[in-house]
Amino acid sequence: MNQHITLNNGMSIPALGFGVFQSAPEETTAAVEQALNAGYRHIDTAAGYGNEREVGEAIRRSGIERNDIVIETKVWVSDYGYDETLHAFEKSATKLGVAQIDLLILHQPMPQHFERTVQAYRALEQLLTDGRVRAIGVSNFMPNHLAALREQTEVVPAVNQVELHPYFTQPNVQRANAEHGILTQAWSPIGGITFYPGWGDDTRRSMLDDETIGRIAEAHGKTPAQVMLRWHIQEGRSAIPKSTNPERITQNIDVFDFELATDELSDIDALDRGVRGGPDPDEVDPSTWDLTIPEA
Ligand code: NAP
């Protein structure tokens, strides 16, 4: 059981998808198979995650009709540029083992090289025209990046996937997305970013232990993760929680049998601290991470 959201091009996607960032390749196939068994029909991966092959393998093993699963993947910044991005599509499609990618998005804007970002997006537009992808979008685009992109390209992105959880709700980005008819898709929807290895800062509390979320979870007989996912869905966002743990994979999609009250939604909204856990989108370029996407 899942709710669906209609994108600005008429394509329908499940409101709740499944993320595989930091899922080790050797764990990814089992996790995605588990997710598909549990009822997820939307998988979010990225060329930069190094596990597209394993996602494709799980989809084939599941025996579920290809058309019943939404595959979303992302082009990494080192592959930006028109020809480079067309080639990036070939790399991802080959690794996934599919002829068509459902939702292909730019992983980050490259503010320092915005013309290459625009060329990359024009390649996505071409792939859309050619029927190689069903929808295109962006990730980590702030309102100024969206405005600049809109000035230089034709197709309005279908989604903007951004860091969004109770401690960082980016109301300005949500507003800009809504104004353009772009679906806001939440990454780190249950605050996974706070589990980033290597932060080494004990003051970064997990929002799974947040008192307000805990109180609401208790009132509904649900877990904090389920409450956060329900909050996203009731506020109209797509969310793509990640887990490699079978119980948590199942738990995270079991969020369609309860309803948060208006005051509970606003109590969660009020937890926003305005501080991001992930990288600042204005500071990303190919030198930020040493990442070259291998050939298929
Ligand atoms: P997340 O989904 O908010 O949280 C994942 C973390 O929470 C993992 O450590 C997971 O551990 C744990 N977890 C999962 N379910 C749980 C539950 N029910 N109770 C307690 N802990 C639970 O964070 P994320 O992986 O950073 O983000 C989700 C997806 O968004 C990614 O996988 C990726 O697809 C996408 N993403 C995109 C970007 C971007 O730049 N576009 C950046 C980051 C992420 P276990 O695996 O052990 O359960």
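The analysis underlying the following values was restricted to heavy atoms, covering all of them including side chains, and did not include hydrogens, waters or symmetry mates. Quantities reported herein were computed from a predicted structural model and do not represent experimental measurements.
- Aromatic rings from Tyr49 and His107 are positioned such that their centres are separated by under 6.0 Å.
- Going from atom CD1 of Ile71 over to atom CG of Leu96 covers 5.5 Å, rounded to the nearest 0.5 Å.
- Between atom NE2 of residue His232 and atom OG of residue Ser238 there is a gap of 9.5 Å, rounded to the nearest 0.5 Å.
- Of the possible polar contacts, none joining the Asp102 side chain to the Val133 backbone as a donor-acceptor pair under 3.5 Å is found.
- The closest donor-acceptor contact from the side chain of Gln170 to the backbone of Glu163 lies under 3.5 Å.
- Looking only at atom types and distance, the side chain of Ser92 has a donor-acceptor partner in the side chain of Glu52 under 3.5 Å away.
- The two atoms that bring Tyr121 and Val155 nearest to each other are OH-O, 2.7 Å, heavy atoms only.
- Side-chain atoms of Asn140 do not come within 3.5 Å of backbone N or O of Val162 as any donor-acceptor pair.
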task: Just do the side-chain hydrogen bond (donor to acceptor under 3.5 Å, both in side chains) check on Arg237 and Gln174 with the steps written out, would you?
output: CA-CA 9 Å; Arg237 293 182 289 274; Gln174 294 199 59; 3.0 Å; yes
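- In this structure, Arg273 is positioned above the aromatic face of Tyr167, its NZ or CZ under 6.0 Å from the six-membered ring centre and within 45° of the axis.
- In terms of heavy atoms, Thr85 sits closest to Ala120 at OG1-CB, 3.2 Å.
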- request: Could you please spell out the steps behind the salt bridge (Lys or Arg N to Asp or Glu O under 4.0 Å) verdict for Glu90 and Arg132?
  value: CA-CA 10 Å; Glu90 299 295 344; Arg132 309 299 308 276; 3.3 Å; yes
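- Ser23 places no side-chain N or O within donor-acceptor distance of the main-chain N or O of Ser243, the cut-off being under 3.5 Å.
- Of the listed residues (Asp267, Asp210, Asp209), just one forms a salt bridge (charged side-chain N to carboxylate O under 4.0 Å, His left out) with Arg215, and that residue is Asp267.
- Checked by atom type, the side-chain pair Thr223/Gln251 shows a donor-acceptor distance below 3.5 Å.
- Asn160 contributes atom CG, which lies 10.0 Å from atom CG of Leu149 (distance to the nearest 0.5 angstrom).
- If you check the side chains of Glu84 and Gln119, you find no donor sitting under 3.5 Å from an acceptor.
- For the pair Thr73/Phe89, no side-chain contact is recorded, criterion being any heavy-atom separation below 4.5 Å from C-beta on.
- Minimum heavy-atom separation, Thr244 to Pro246: O-CD, 3.7 Å.
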message: Apply side-chain hydrogen bond (donor to acceptor under 3.5 Å, both in side chains) to residues Asp130 and Gln126 and explain how you reach the verdict.
response: CA-CA 6 Å; Asp130 295 345; Gln126 187 60 50; 3.1 Å; yes
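- Scanning both residues, Ile249 and Ala31, for their nearest heavy atoms gives CD1-O, 3.7 Å.
- Side-chain atoms of His87 and Glu295 form a donor-acceptor pair, as typed in the model, at a separation below 3.5 Å.
- Rounding to the nearest 0.5 Å gives a distance of 11.0 Å between CZ of Arg230 and CG of Asp254.
- Listed for the Ser188 side chain is no donor-acceptor partner under 3.5 Å among the backbone atoms of Gly191.
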message: Pair Arg41, Asp68 - check salt bridge (Lys or Arg N to Asp or Glu O under 4.0 Å), show working.
response: CA-CA 7 Å; Arg41 291 292 180 271; Asp68 291 340; 5.9 Å; no
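- Note: Leu103 CG to Lys74 NZ = 9.5 Å, rounded to the nearest 0.5 Å.
- For the residue pair Gln108 / Ser139, no side-chain donor-acceptor distance below 3.5 Å is found, with atom types taken as modelled.
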message: Applying side-chain hydrogen bond (donor to acceptor under 3.5 Å, both in side chains) to Asn51 and Glu27, what does each step give before you reach the verdict?
response: CA-CA 9 Å; Asn51 55 19; Glu27 288 179 322; over 6 Å; no
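- With rounding to the nearest 0.5 angstrom, the CH2 atom of Trp231 is 5.5 Å from the CG atom of Leu164.
- Counted by atom type alone, Asp282 and His145 present one or more donor-acceptor pairs between their side chains at under 3.5 Å.
- His220 and Glu264 share a side-chain donor-acceptor pair at under 3.5 Å.
- Side chain of Asn252 to main chain of Glu247: no donor-acceptor pair is present (N/O by atom type, distance under 3.5 Å, no hydrogens or angles).
- Between Lys222 and Asp257, at least one side-chain N (NZ, or NE/NH1/NH2) sits under 4.0 Å from a carboxylate O, which counts as a salt bridge.
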